[in-house]
Each structure stands twice: as structure tokens, then as C-alpha cells.
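To start, the structure under review is shown below, and the notes come after it.
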Amino acid sequence: MKKGDHLFLVDGSGYIFRAYHALPPLTRKSDGLPVGAVSGFCNMLWKLLRNARDTEVGVTPTHFAVIFDYSSKTFRNEIYPEYKANRAEPPEDLVPQFGLIREATRAFDLPCIEMEGYEADDLIATYARLAVEAGGDATIVSSDKDLMQLVGPCVSMYDPMKDREIGIEEVVEKWGVPPEKMIDLQALTGDSIDNVPGVPGIGPKTAAQLLEEYGDLDTLLSRAGEIKQNKRRENLLANADKARLSRELVRLKNDVPVELGLDALELRPPDGPKLIAFLKAMEFSTLTRRVAEATGTDAAEVEPAFVEVEEGAAARGPDVGTASPSGGDGTGVPEEADTPEKLARKRAEAALGEAIDHAAYVCIRDLETLGKWVEEAREAGLVAFDTETTSLDPMQAEIVGFSLATAPGRAAYVPLNHKSGNGDLLGGGRVDGQIGTAEALSAIRPLLEDGSVLKIGQNLKYDWLLLFRQGIEIAPYDDTMLMSYVLEAGAQAHGMDALSQRWLGHTPLSYKELTGSGRAKVTFDMVDIEKATAYAAEDADITLRLWRVLKPQLAARGLVSVYERLERPMVSVICRMEHRGITVDRQILSRMSGDFAQTAAAMEEEIYALAGERFTIGSPKQLGEILFGRMGLPGGTKTKTGQWSTSAQVLEELAAAGHELPRKIVDWRQVTKLKSTYTDALPGYIHPETGRVHTSYSLASTTTGRLSSSEPNLQNIPVRTAEGRKIRTAFVAPKGRKLISADYSQIELRVLAHVADIPQLKQAFADGLDIHALTASEMFGVPVEGMPGEVRRRAKAINFGIIYGISAYGLANQLGIPREEAGAYIKRYFERFPGIRDYMERTKAFCRENGYVETVFGRRAYYPEIRSSNPSIRAFNERAAINAPIQGSAADIIRRAMMRMDAALAQDGLGDVVMLLQVHDELIFEAPEEMVDKAIPIIRTVMENAALPARALSVPLKVDARAADNWEEAH
DNA sequence: GTGGTCTCCTA
DNA sequence: GTAGGAGACCACA
């Protein structure tokens, strides 16, 4: 190696983890072998070998090596045995890819370097030093902060996923210190992932500031006594040794006795046939074609290589779905793909490489141009659509503009209400050169309502509701967020940024950068139109590209019907419910707030008297100090931060032992909870125009398929205590109308009886018996007639425990009995109902094998951590996996009922009976008084038959329904 | 102002 | 023991 030469050092081990988490997880070879990370790795290598000059690196490599970790044990474990001790096992579908990536490196004819006892980082440090000493330059292909200490005048880093070079300046910008101080910085901050201790309470910001002031770690430690902040000084003094140890752990070893010299790393031209043989074996068709072109090889002539994978690694077969492949993609270009799997793979591969060009986006400022785009969308048969507004709440938001995309890269933004930013007191007027909102909406309404044009959104619920307020009903539509939710609930986030990153390998423009944050935050109408165009059009563009990738994935995974029958139709159903809202009586709540305030004030005086001092009752820390410190009461459990727990359970126990203060605290908490969370907060959610409360349901935020409700959460309105239940009297029907509440009785136990196939339970439900009493009688041999309440209560707790993936620990806690006794109950339960234990074992085994579990309707919930080597994480995931099919099937059933409800009611002339709320197993309706009697039987029938005809449950479903003037009486 | 912890409300 | 959302407090920036 000589001056002018340039060595590329790829951090292979780092890359594989990053690729795995950033790239599509579902990429598999036709035999089911997961190859997503391998695919990303090969594409990256090819790009660097061919076009490194065109990337941010800007130079062509003359020398090249890929470096791997040899094993997890290195010399660092000798100085600190706990180093990297809490590393989780790699995910199951990543394991076989480790070997494949080494194979890939060899197929590229590149040196593949690893060495026992050293981390890849040490080898990289050594080669970087050698290159610099030889007069050359080095580029480390990685974005790992642990390598940043190596950056210097002749050594830089390169992040291939973000196409970003990291030099001295970037390190300073990111960490506040130059590369040579990174070691000291890391020694101070530590690293929880690698288990490097560091100094507690010191993060990157503080560390940088300290190093700036004191120069280096040794000086800092020797002068730590001068630091003004008490906590910081004490931490530094007490942990100086830890900091020094950490420094040794993070400092990379740059004198590893490497076997290969620099000359052996010299880059050779690729061996076309050898590389193509490997790529064909991996079924990377796009890259195969590119390599064939570039090397002048006839790919058809090359046989796929035989690539061996460690045994058991590819045990799982492909998942061939029953659904048909998706239809046209709207580009008009026929694609050769004879199976959904191939199309899905092809699309995913292609999408990763495509560039996003903000400069190509169009800003539409006149009706004529808008008309042309509408026409273009009609011809394409589909359009991605996104709105920009002034608020996150679609019930309050004003439209600022909207964007369209008709093909990848072909996107436009239509500004409607942008204001000039120079804010005099009048706030700057509307900017010229924008189409009027009403005219623009009229222009696109026919498109949005056109039955032959598919509208594609990301979280379309927002845009749908916004336009519904303008009288526009978008149909037909698809939602990429919901597609992702169906594909990978529990495995990943479904927001646009996450999806774009994962499927397109692209980080979208940041909303925060556009509008600012904190005090300086502005609404979207204050954003400059040019910047808004890039941002908004990109959103539509990305949504369209995501749709092209995700739609075939649904088919390939057999999840089209889950998406189309359980998910997509919910958008319009939920929008109508949110739009209607529910009437909340301000007076009732305000009166209650007043009462609560008085009660609480009186209680506070009593509490201060009993405690002998005034303190912040709401502070668990202060309360704990008084109860368990000054008053010396026996403390029960501790929280994970080492504080004494002051939970209701602990306080109740103290109260039962005759202590007066804990009792008062429990009562005070109840009152203040009801006041702050409900009676004080709810009126603030009454909409200024509709006078009603419009909650927001999230369709994609639970792993199991349940909805969640927020702002306000109307799924946790109190019901258990008489005091709390009063809050429900404030949820009322307007004059002349009634509220109807209809709830499933024991739906989850019924689902359990069905899926686990338990004869006694099924019979009991068929006979309409009291299920908890029956359980008790089976378990304890007590006749149902004249059964003591306590016996039934215990059986009920066990039944719930089963649904939650029972543990002796949990049941003991719930019932307040010793763990051994709880264990004995569970044992007896399993003896009486052996089918339940079988179901649990079956479910866990399935989840370990596949990474997910399924509801009765085929919805999947992913629990990748069920294979964790950490027993408590594993046990937690096992319980969740047992619960998900039960909770999720019940969620699917009520979704099916909700989707059919409006049509069923309308069919019988009850169009005025409307659904307002869903609370997991309960639906709340509002109906004209005279329709109530007719509506209730229809509602019950729809709900009780909701599983049909898709699934015939082997137990009947039962629904109780009644009507009243308020929610408390109706429930 | 933001994020973490603790507590508590629901099915 | 499952699934959620939210308010208060408190330490940090």
C-alpha cells in the first residue's frame, strides 16, 4: 500500500445487525430462508465496489476488507467479566444470515477477516493504523460510535444506509468532542448495551461539557472536587475507578497481530460467474442482472451456487397464503411474477434501491394543473393522498394543503392556506398564488369519491375524517399503516418514518425541522410553500411506494383477508363514531369536581394531622419517607428504583393492620384521581362547535387487535366503585334520545373454551350456567347450590388468570395467598381441564417456532422475544402469546360486529340509531327513544352472530343490552 | 419544556 | 399473570 491508496474497512458484524433492523424483515428465499440482511449487505458491497466515487465517500477503493467479530468472548472479558453480558440472543431469522454474509463476502472475492479474542473494532483499528502508516487513507464503513475514536485526518467513517460520511467535523457536531476525546467521553457515559458502566448520571451532553472544561478524563477525575453540582461531583468521585475501567473497555486495540498484511487486501476485479452463482442461489434477481451487465457475464449460463446453511437454520418453510395475488400496480407496466411471493420479493428489493428526488416534485398553484393531475390519477387508477393541516386533531384541524402521487417519484403538493411568515400583529396574510380551498376541494372531490380510483393513505383515518367534515367520503381506499399493522403487529412500528426507513431505506424529511419545536413551533400554514412542497409531496410519494411494497406482501403472507375484512373497513366505521362524539354534561362534572375538591381538602387536613407535618401527598417519594422512614411502618415491596412502594395494595395492607394514615391516603388518592383524570379533564375535551366529546381511536397501536382510545381515553371511565361510577351519569343522551349499552358476556372465556376445546366449559356455556361457579365446583368439589362467595371469587380469579397466561406468582398476588397455595390451585385446575394446559403448551411452541401467534380469524401478533435467553423476558412473552389469541379473537369479533352494524340497523329503518363508542367488549349507541325497543334485538343479533359465517364457534356468544338516559344506568 | 417513574383507571 | 392511556411529581435540559 502506498500514498494515494485508499482502504475500505467494512464492519460486517455491525452492518448485519443494522441491516436486519432497518430492512424489510419478511424477505425470504422461496424455500423460506430469511435473507433480508444478506440482500442489504450484497447491495451495499456492490454499490461501494462500483460507485464509491458517486457516494458521499467520493473515492474509489484500492484495498478492501470485511471484518467480523469472531465470538462474543474477547480480552475485554478478562478485564471486566460483565462486558457485553446482557446482550440478547440474536433474533431467530438473523442467525442463519451470519454464515451467509461471510459466504457473500467470499463470493465477492473480498478478504473476510476475523480473529479469536478480538472484536471486529480492534481489527479495524489495527488496519486503519497500518494504512495511515503506509501513507494511505482509510474509510470505515460503519456508523458505530465505538469506532469514532479512530477518525482523523486520513481516516473517516461512512454510513452506507444514510449515504453519509462521518469525519472529524461530524463527530464534533454529534458528540461535542473531537474524535480523540471520544474514548474519554464514552468512559464517562458508559454504554448500557455493551454493559460498560461509565459514571451514573452523566450523559453525552454533560460528558462533553466536562471534557471541554477539564481537557481529559484524568484531569477531570483529579479535579472532580471542584465541580459545583453536588450530585455530579459525588458521582464522579465515587465512580472514578469505574470510569477508568470503562476507558480501557472502550479504547480500541490498534496493534492486533493480524495475519493478513495490507497487500493481501488489494482489490481485484470481481469474478462475475462466481458472484452471480451466489446471487442466483440467494434469488437476488435485480442485483444478479446488474452484476451480469457490469461484468459482461451471461447470467443464464451460470448455475446457482450450492450454499450450505447450518442445520436447522432454515427449518421453517415458506408461508403460502390462501389469498389471491394483488391486482395491477397502476404503473401500466406488466411485471413478470408468477407467484405472490416472487412479486413481493421483487418489489421489496426494487424499492430499496430507488432514489427519492425532492426536486422533481411539483407545486400546483392553479386549477388547470390540478385538473391535469386528477386526470393522471384517473388513468393510473390510483392515487396516494395526504393532507397538511393546522392540528393533529382531525376534528379541529383546518386544511392547509394536500398532496398527490400517481407513480413512484411523480408527486405534487397543492398549497391552499399558507400564510406569510413575517408576523406583524395581524399575523401575515394569506400568500398569493394558491388555489381557493373550496375550489380545490370541488376539483378533487369527484376523484376522492370515484369508485374506480383507489385512494392510498398512511393513517388514512386522519384524512378521511378531515374530509368527512367537509362532506367528502373517500372511497375506495387502502391504508399503508394498517397493512403494516396486519403484517407485523408487535414486531415493528407502523409510522411513516419507520416504514420508509424499513422498506425504502430512506429517511423522510422531518416534520419537526419544518415547523420547529417547543416555543418556536409553528403550524403548517406558516411553513414556506417551497419547503412544504418537498415535505408534503414526499409523504404522498413514500405512501405510494410503501403501498407498492406492502400490498404484495399481504398476498405473499396470506393476510389479504385479514386486512380487507378486519382492518380496512374499520377506517370509515371509526371515523363516523369519532365524528359523532358523545354528549357530556358539563354541569354534572363541575358539581362533582366541587364536591371532590371539598372532600379532598378535608382529607388533606386529616392526613397532615396524622402525619404530624404538611407534605406533598401526591409524591410517592415524600409519602414513602414519612410512612416507612419517620413513622417506621413496615414497608412491603420496593419499586424497581429502590423506593418503598406506596401502591394501593401496600397501603391497604397497612390499613388492615390498623394504621389510620394509609387508609386516609388511599381514600384521598381515589378522590383526587377521579377529580383530576375525569371530572376536571373531561370538560376540556368538549368540542367548541359540536358541544360533544370526540375521542380518537387508534387502529394500529395494540399487538392483539384491540382498539385503543385517547384524548380522552373513553375506555377507562370508572365503573368499579360507586363513587367512580357516578362519572358515567355525565355521559348522556340528548333530549328525546337514549343511550344503549350492549356488551358481550364472558367473551374471552367463551373464546378460550372454543380455541382450547374444553368440553366442560363448552357445555356450561351452552347450558347458560354460571361459569365461575362451575369452575369452582369442578376444582373444589363444592356444589354450585349454596356455594360460598369466597369460593366462587377464587375460581373467578383463576379463570382470569388463565386468560392472562397464569403464573403462581401472579395468582398469589391477586388472591393474597401464599405462592405454594396458588401453585396448587393451578395444578388442580390443569388436572380438571387438561385441554387448557395442552392449549398453552401448543401456543407457546407455535410462537417459538414462528415468532407469532394467530387469532381465530388469522390475525397475527408477533412476539419475537419469546426466544429470549432472559427467563423473565421469555416468560412475559409466553404469557402474552397465550393471551393474544384469546384477547385478539374477541377483538376481531367485535370489529366484525361494528362493521356490519350500520347496514343492519339501516335495513330495518333504524338509520338514526348510531354507534358512538367501543370499550373492548361493549358498544354504546345513541337512539331516538321510539326506536330503542326495535334496535336492541338487532344490535344483539349482529353482535352474537358476528363470528359467522367466517367461523362457527363451538360456544354461543351472549350479549346483554339495555337503554337509559345515561351511561351509568344503561351499563 | 421533556422524559422517566409511579400510580391508577378500564376490559 | 394480558391489553391499554393519563395525571402528578421530579430530575434533567
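Reminder, nothing fancy here: chain letters follow the sequence lines and each chain counts from 1.
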Name all residues meeting the side-chain hydrogen bond (donor to acceptor under 3.5 Å, both in side chains) criterion together with A:T679; count only those two or more places apart in sequence or in a different chain, and write none if there are none. A:S593
Can you pull the ring pair (Phe, Tyr, Trp, His ring centres under 6.0 Å) pairs that have at least one residue in residues 633-656 of chain A, sequence neighbours excluded? A:F628-A:W644
Electrostatic pair A:D960:A:K958 at N-O distance under 4.0 angstrom: yes
So, are A:D667 and A:R663 salt-bridged, with charged N and O less than 4.0 Å apart? yes
Look at all strands and tell whether A:S710 reaches a base, only sugar-phosphate, or nothing, counting heavy atoms closer than 4.0 Å. sugar-phosphate
Does the ring center of A:Y825 lie less than 6.0 Å from the ring center of A:Y829? no
Just jot down the side-chain hydrogen bond (donor to acceptor under 3.5 Å, both in side chains) partners of A:R940, sequence neighbours excluded, or say none. A:E944
If you measure from the Lys or Arg side-chain nitrogens to the Asp or Glu carboxylate oxygens, is any gap between A:E878 and A:R867 under 4.0 Å? no
For A:G805, which contact category applies under a 4.0 Å heavy-atom criterion: base, sugar-phosphate, or nothing? nothing
Leading and trailing nucleotides of DNA chain C with any atom under 4.0 Å from heavy atoms of chain A: C:dG1 to C:dA13
How would you summarise protein contacts on nucleotides 5-11 of chain B per nucleotide, using B for base, S for sugar-phosphate only and - for none, with heavy-atom distances below 4.0 Å? SSSBBSB
Which is true for A:I803 with a 4.0 Å heavy-atom rule: it touches a base, it touches only sugar-phosphate, or it touches nothing? nothing
Just to be sure I understand the rule, does A:A797 reach a base, reach only the sugar-phosphate, or reach nothing, if contact means heavy atoms closer than 4.0 Å? base
Contact class for A:S698 (heavy atom, under 4.0 Å): base, sugar-phosphate, or nothing? nothing
Once side-chain hydrogen bond (donor to acceptor under 3.5 Å, both in side chains) is applied, do any residues pair with A:S889, and if so which ones, sequence neighbours excluded? none
